[in-house]
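Below is one structure, written out as structure tokens; comments come after it.
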Amino acid sequence: MASDLETKAKEAFIDDHFELALHLYSQAIQLNPKHAELYADRAQANIKLDNLPEAVADANKAIELDPSMSKAYLRKATACMKLEEYQTAKSALETGAALAPAESRFSKLIKECEERIAEETGDLSMQTPEALAKNDVPAKEIELDKDQPNLEIEAAPPKPVYRYEFYQKPEEVVFTIFAKGTPHDCVKVDYGEQILSVAINAPGKEAYHFQPRLFAKIIPEKCRYDVLSTKVEIRLAKAEPIHWTSLEFSREVAITQRVNVSSVSASQRPSYPSSKPQRVDWDKIEAQVKKEQEKDEKLDGDAALNKFFRDIYKDADEDTRRAMQKSFVESNGTVLSTNWKEVGAKKVEGSPPDGPSQQKLDVGKFSTMRMPWTKPDFSWAMHRKNQ
């Protein structure tokens, strides 16, 4: 029965009925799961249908069952080149060329891989989804009778057996499959430059296969996985410290820029709007006024104070400006406040200090300041208000 399905699958493939061929190969594999040739041929059908991660997974399975099958290495390389994983493709081609030295396609594709690798800058952010359409390496390796079988596709793709999720750190992505009670020897994980292949064949459960093309490239030799009592935890080492917006690659999602998290200082972190009144440390302002006075000998104390209040007003928000104007006018120049919530609800009463020195009124939030007895010039703020 498996051989009949294989024959019909090959005939369907020759007639360019790739979906039918894929379906028939899958049926044949269910009947004979240890036949490497079936996986290698199904890989070719997946390539034609642009199911590239699945093609790599099938080629890997064929290589696992028969490491001497040069065709399986060619199929793996073809899919990897379409995925722009030229290092992985080159490695597979070199192994295949050693097994079939007379096959010229290996040397030709190795050269193409080397050219592509030389063109790469090593910067993942420079890659674009449009580049995915390059390096189409068609291969027609089966020469059989071309009688079209009278068959239809009825089976739908199987639903996922296990739930999964992922989270990430700057240097890695942690991918978790919730497969409770799965023996370690029933789990097989393969890594490529940007592909992940997971196969779980637990006793008494439907076989699970997951072969996504990942959002960005990884470092296969640094990846690892652990089979725990309740889950399979896979740690993917990022090739670049970029943020993954999803686990799987999408043509519509652009690669985000690299972010060096360790280099972001507290002053560079984003600030968020707040409904709280702005706090002003008048002790700090007084110290800065004195510094301005010392810095510019041409300005006396009041002139330096006016200059500094001018700077505060220039950089303030609208509520702060309104508070400064209202408090200054209503107090006849004896009070200056930045808290609109406080001064906007009532009239500000003037309360001059006892002496000629500058004094501070403690209202709990340091948002109000008593002015010097010699009233500074605040007419520039009034003029700006009326413009």
Side-chain angles (χ1 to χ4, degrees), residues 1-66 68-85 89 92-93 96-97 99-100 102-109 112 132-159 192 195 197 199 206-207 209-213 251:
M1 182 64 179
S3 60
D4 291 341
L5 289 170
E6 181 180 4
T7 300
K8 292 176 180 178
K10 290 181 177 180
E11 291 173 349
F13 184 88
I14 292 299
D15 289 330
D16 294 338
H17 298 297
F18 303 124
E19 291 186 356
L20 176 58
L22 179 65
H23 176 62
L24 293 171
Y25 279 128
S26 298
Q27 287 186 327
I29 287 172
Q30 288 180 352
L31 296 174
N32 191 359
K34 300 296 183 181
H35 189 19
E37 185 83 15
L38 291 174
Y39 289 97
D41 290 343
R42 190 173 70 173
Q44 182 69 345
N46 273 316
I47 290 172
K48 291 294 186 180
L49 293 170
D50 209 30
N51 301 330
L52 303 177
E54 290 84 351
V56 174
D58 280 341
N60 284 335
K61 184 64 176 179
I63 292 170
E64 177 188 343
L65 295 172
D66 185 2
S68 65
M69 183 185 294
S70 62
K71 180 171 66 174
Y73 293 97
L74 182 62
R75 303 285 165 78
K76 179 177 180 178
T78 301
C80 286
M81 289 182 72
K82 285 193 170 189
L83 289 168
E84 298 179 351
E85 299 199 7
L93 290 167
L99 294 170
E103 178 57 70
S104 61
R105 281 176 295 181
F106 286 108
S107 57
K108 179 181 178 181
L109 293 177
E112 184 174 347
L132 200 65
K134 296 181 180 179
N135 304 321
D136 188 4
V137 186
K140 186 174 182 181
E141 303 176 32
I142 307 174
E143 298 273 346
L144 295 175
D145 295 335
K146 297 186 178 182
D147 295 331
Q148 180 176 342
N150 185 19
L151 295 172
E152 296 181 356
I153 300 175
E154 298 178 358
K159 294 182 179 180
I195 51 177
S197 176
E206 184 180 349
H209 297 280
F210 185 61
Q211 298 95 16
R213 185 183 185 200
R251 294 173 184 266

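FYI, side chains are in, hydrogens and waters are out, and symmetry mates aren't considered; it's all heavy atoms of this structure.
Of all non-hydrogen atoms in Tyr39 and Pro33, the two that sit nearest each other are OH-O, 3.1 Å. Scanning both residues, Lys82 and Ile47, for their nearest heavy atoms gives NZ-O, 3.9 Å.
Interatomic distance, Lys108 NZ to Leu93 CG, rounded to the nearest 0.5 Å: 12.5 Å. In this structure, CG on Leu38 lies 4.5 Å from CD on Glu6, to the nearest 0.5 angstrom. Rounded to the nearest 0.5 Å, atoms NE2 (His23) and CD (Gln27) are 3.5 Å apart. Annotation: the span from Thr78 atom OG1 to Gln44 atom CD amounts to 6.5 Å, rounded to 0.5 Å. Separation of atoms NZ (Lys71) and CD (Glu103) is listed at 12.0 Å; rounding is to 0.5 Å. Atoms CG and CG, from Leu24 and Asp41 in turn, are 12.0 Å apart once rounded to the nearest 0.5 Å.
Distance alone, capped at 3.5 Å, is enough to place a donor-acceptor pair between the Glu85 side chain and the Ile195 backbone.
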Tabulate below the donor-acceptor pairs under 3.5 Å that side-chain atoms of residues 52-65 make, not counting sequence neighbours, or state none.
{"unit_1": "Asp58", "atom_1": "OD1", "unit_2": "Arg42", "atom_2": "NE", "d": "3.4"}
{"unit_1": "Asp58", "atom_1": "OD1", "unit_2": "Arg42", "atom_2": "NH2", "d": "2.8"}
{"unit_1": "Asp58", "atom_1": "OD2", "unit_2": "Arg42", "atom_2": "NE", "d": "2.9"}
{"unit_1": "Asp58", "atom_1": "OD2", "unit_2": "Asn46", "atom_2": "ND2", "d": "3.0"}
{"unit_1": "Asn60", "atom_1": "OD1", "unit_2": "Lys76", "atom_2": "NZ", "d": "3.0"}
{"unit_1": "Asn60", "atom_1": "ND2", "unit_2": "Val56", "atom_2": "O", "d": "3.3"}

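Between Met69 and Glu37, the closest side-chain pair of non-hydrogen atoms falls below 4.5 Å. The closest side-chain heavy-atom distance from Leu22 to Asn51 is below 4.5 Å.
Judged as a side chain to side chain contact (heavy atoms under 4.5 Å, CB included), and not counting sequence neighbours, the contacts of Ala89 are Ala77, Cys80, Met81, Cys113.
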